[in-house]
Amino acid sequence: MIIGRKKEFNLFNKISSDDNSHFVAVYGRRRVGKTFLIREAFNYKFTFQHAGLSAGGLKEQLFAFYSSLKDSGLKLKNKPQNWLEAFEGLKEVIRNSNENKKVIFIDELSWMDTPKCDLMIALENFWNAFASARKDVILIVCASATSWMLSKVVHNKGGLYNRLTEQINLMPFTLKECEDYVTAAGLVFTRNQILQYYMIFGGVPFYWSFLKKGLSLNQNIDAILFEQNAPLKSEFQYLYASIFKNPEVYLKIIKVLGTKKVGMTREEIIDNAKIPNSGDLSVKLDELESCGFVRKYFAFGMKTKNALYQLIDNFTLFYYRFLQEYPTDEHFWSNQINTPSVNNWQGLAFERVCLEHIPQIKIKLGISGVRTEVNSWYCKKDEEKGIFGSQIDLLIARNDQIINLCEMKYSATEFTLKDTDDESMRKKTSDLINITKTKSAVYPTLVTTYGLTQNAYASNIQSVVLLDDLFV
């Protein structure tokens, strides 16, 4: 069952009917559905397909590739001793094929790239000297190690430079696509319940496949995460280890980032995680960003310095809040409803979901066609200068000289602005104008679940975005 992915399907259809060879890189975070998409797009029919081993050295990887060559009908007298020999076998598979299009699918390519092997040299030779000179080869390489794919394939500075004909960065589902999945699976959940699940798992399709009919949302969450043999109880242990070969330093970074909602500067990460200040840290931060676990942003008006790194992966944040201590209560989630801990988490998690749905917010605001710059912003308190100290999680600076200052509030009913909320919004607006000296008009904007109660403070809000507006 394929939900969404129309753009990707259309691209594969176009490639299949084209008269030239194509080299396609598909990447995206673990569990996002890369392999499933490719198999469905080509109806599970490949001239050759292979998946790298998650563990094992060059010898084991070559043997697995040799086995895949045999599965494709090739009869080899000798096992390949290196990747150049292995890809010679792949060339022979293509020469022997009578199919109009020879579709070659190599999954988890990064796992095949063991130390001191010649994999990339062999891949370069295969494409440049053989496949690109034909008109009937579709080479698809795929990996969950997004950072590896970007550095070794997409932005390759060697023989594969600018050789890709297409690349697909497969993104998680939106709320709307998750709703479509739920409907297609015959599940019955409200949009608020879909939001609740999204706040835990994000839009990673694999995690949505565990939902069962006949169980309430809370019962499902208990069964998936908290029961004794829950299928995703140990998911976090494999999430980073499956992407990064040595995940320990990455996890140090992730753990300290999980302690500060707004994020940390590079210097703060070094101090809190006790990590040496080196170029290797910059590489790891870039890798975490490219894999979708962390976002790097610059505060509005401070583009050239003070970059902040913020942990944004829904499941990782949920793990540190509720799973890290391994609760023994098999009905933990059902028993936590309406507790202060869950209520506080819901507020923070809703903010992250909103940040993942900026295009939908812009559509509601009627500015989808307007050039915008999306930022967060913060300032420290300075009584002498009349600065209150503010943290704004979402600013949409528009080309029409308007800034939407967005407050994101989760509520089980219509949200009621209190005097403290109104005061907070006015102080943030004042800080923003005083410090940035912006000439743009600042529009207080509320993003919430069910709407805004009309009272004396409601008229100060220029625009309201509802949960339903995020399902577009």
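Throughout, numbering of the chain's residues begins at 1 and tracks the sequence. Quick note: numbers below take in every heavy atom, side chains included, and nothing from hydrogens, waters or symmetry partners.
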Check: Gln391/Asp393 side-chain N/O donor and acceptor closer than 3.5 Å: yes
Nearest heavy atoms of Ser376 and Tyr297, plus distance in Å: CB-CE1, 3.3 Å
With sequence neighbours excluded, residues passing salt bridge (charged side-chain N to carboxylate O under 4.0 Å, His left out) with Asp329: none
Donor + acceptor pair across side chains of Ser144, Lys34 (<3.5 Å): yes
Neighbour count above 12 (heavy atom, 6.0 Å) for Phe189 CZ: yes
Partner residues of Arg352 under the salt bridge (charged side-chain N to carboxylate O under 4.0 Å, His left out) criterion, sequence neighbours left out: none
Donor-acceptor side-chain pairing of Thr372 and Arg398 below 3.5 angstrom: no
Closest contact, heavy atoms only, Ala185 versus Lys213: O-CE, 3.1 Å
Neighbour count >12 (heavy atoms, 6.0 Å) for atom OH, Tyr44: yes
Atom of Lys233, atom of Phe226 and distance for their closest heavy-atom approach: NZ-O, 3.8 Å
Residues that Asp431 engages under side-chain hydrogen bond (donor to acceptor under 3.5 Å, both in side chains), provided they are two or more places apart: Ser390
Residue pair Ile402 / Val370, side-chain heavy-atom distance below 4.5 Å: no
Heavy atoms from other residues, nucleotides or ligands near CZ of Phe9 exceed 12 (cutoff 6.0 Å): yes
Short side-chain to backbone donor-acceptor contact, Glu177 and Thr174, under 3.5 Å: yes
Non-neighbouring partners of Asp280 that pass salt bridge (charged side-chain N to carboxylate O under 4.0 Å, His left out), sequence neighbours left out: Lys284
Side-chain (Thr183) to main-chain (Glu179) donor-acceptor, under 3.5 angstrom: yes
Any residue meeting side-chain hydrogen bond (donor to acceptor under 3.5 Å, both in side chains) with Lys409, in chain and number order, not counting sequence neighbours: none
Spacing of CD1 belonging to Ile392 relative to SG belonging to Cys379, to within rounding of 0.5 Å: 7.5 Å
Any donor-acceptor pair under 3.5 Å from Trp377 side chain to Phe300 backbone: yes
Minimal non-hydrogen separation, Ser290 against Leu150, with atom names: CB-CD1, 3.5 Å
Side-chain H-bond candidate by donor/acceptor type, Asn404 with Thr445, under 3.5 Å: yes
Nearest-0.5 Å distance, CG of residue Leu365 to OG of residue Ser463: 5.5 Å
Gln237 side-chain N/O to Ser234 backbone N/O, donor-acceptor pair under 3.5 Å: no
No-hydrogen, no-angle side-chain donor-acceptor test under 3.5 Å, Asp107 and Thr35: yes
Ring geometry between Phe42 and Phe12 (parallel below 30°, tilted from 30 to 60°, perpendicular above 60°): perpendicular
Test salt bridge (charged side-chain N to carboxylate O under 4.0 Å, His left out) applied to Glu414 - qualifying residues, sequence neighbours left out: none
Check: Leu405 and Lys428 side chains under 4.5 Å, non-hydrogen atoms: yes
Heavy-atom closest contact (Met149 atom, Val26 atom, distance): CE-O, 3.7 Å
Presence of salt bridge, Arg30 and Glu235, under 4.0 angstrom: yes
Check: Asp422 main-chain N/O paired with Asn460 side-chain donor or acceptor under 3.5 Å: no
Test item: Arg191 and Asp468 side chains (from C-beta on) under 4.5 Å apart, heavy atoms: yes
Return a table of donor-acceptor pairs under 3.5 angstrom between the side chains of residues 252-260 and protein atoms on other chains or two or more places apart.
residue: Thr259; atom: OG1; partner: Val256; partner atom: O; Å: 2.5
residue: Lys260; atom: NZ; partner: Glu268; partner atom: OE2; Å: 3.1

Side-chain donor or acceptor of Gln336 paired with backbone N/O of Val342 under 3.5 Å: no
Test ring-ring contact (aromatic ring centres under 6.0 Å, His included) applied to Tyr197 and Tyr181, Trp208, Phe210, Phe173, the passing residue: Trp208
Pairwise side-chain contact, Leu285 with Val294, heavy-atom cut-off 4.5 Å (strictly under): no
Side-chain donor-acceptor distances from residues 307-322 under 3.5 Å, at least two apart:
residue: Gln310; atom: OE1; partner: Arg295; partner atom: NE; Å: 2.6
residue: Gln310; atom: OE1; partner: Arg295; partner atom: NH2; Å: 3.1
residue: Gln310; atom: NE2; partner: Lys261; partner atom: O; Å: 2.9
residue: Asp313; atom: OD1; partner: Arg29; partner atom: NH1; Å: 2.4
residue: Asp313; atom: OD2; partner: Thr316; partner atom: N; Å: 2.9
residue: Asp313; atom: OD2; partner: Thr316; partner atom: OG1; Å: 2.6
residue: Asn314; atom: ND2; partner: Tyr198; partner atom: O; Å: 3.2
residue: Thr316; atom: OG1; partner: Tyr240; partner atom: OH; Å: 2.7

Least distance between heavy atoms, Ile396 atom then Ile361 atom: CD1-CG2, 4.2 Å
Modelled atom types, side-chain donor and acceptor of Arg266 and Asn277, under 3.5 Å: yes
Pairs touching residues 247-284 that satisfy ring-ring contact (aromatic ring centres under 6.0 Å, His included), sequence neighbours left out: Phe244-Tyr250
NZ/NE/NH1/NH2 to OD/OE distance under 4.0 Å, Glu40 and Arg5: no
Any Val24 side-chain heavy atom under 4.5 Å of Leu164 side chain: no
By side-chain hydrogen bond (donor to acceptor under 3.5 Å, both in side chains) - contacts of Glu227 (at least two apart): none
With Asn434 via side-chain contact (heavy atoms from CB on, under 4.5 Å) - residues at least two apart: Ile387, Ser430
Contacts of type side-chain hydrogen bond (donor to acceptor under 3.5 Å, both in side chains), residue Ser440, not counting sequence neighbours: none
Side-chain donor/acceptor of Asn220 to backbone N/O of Ser216, under 3.5 Å: yes
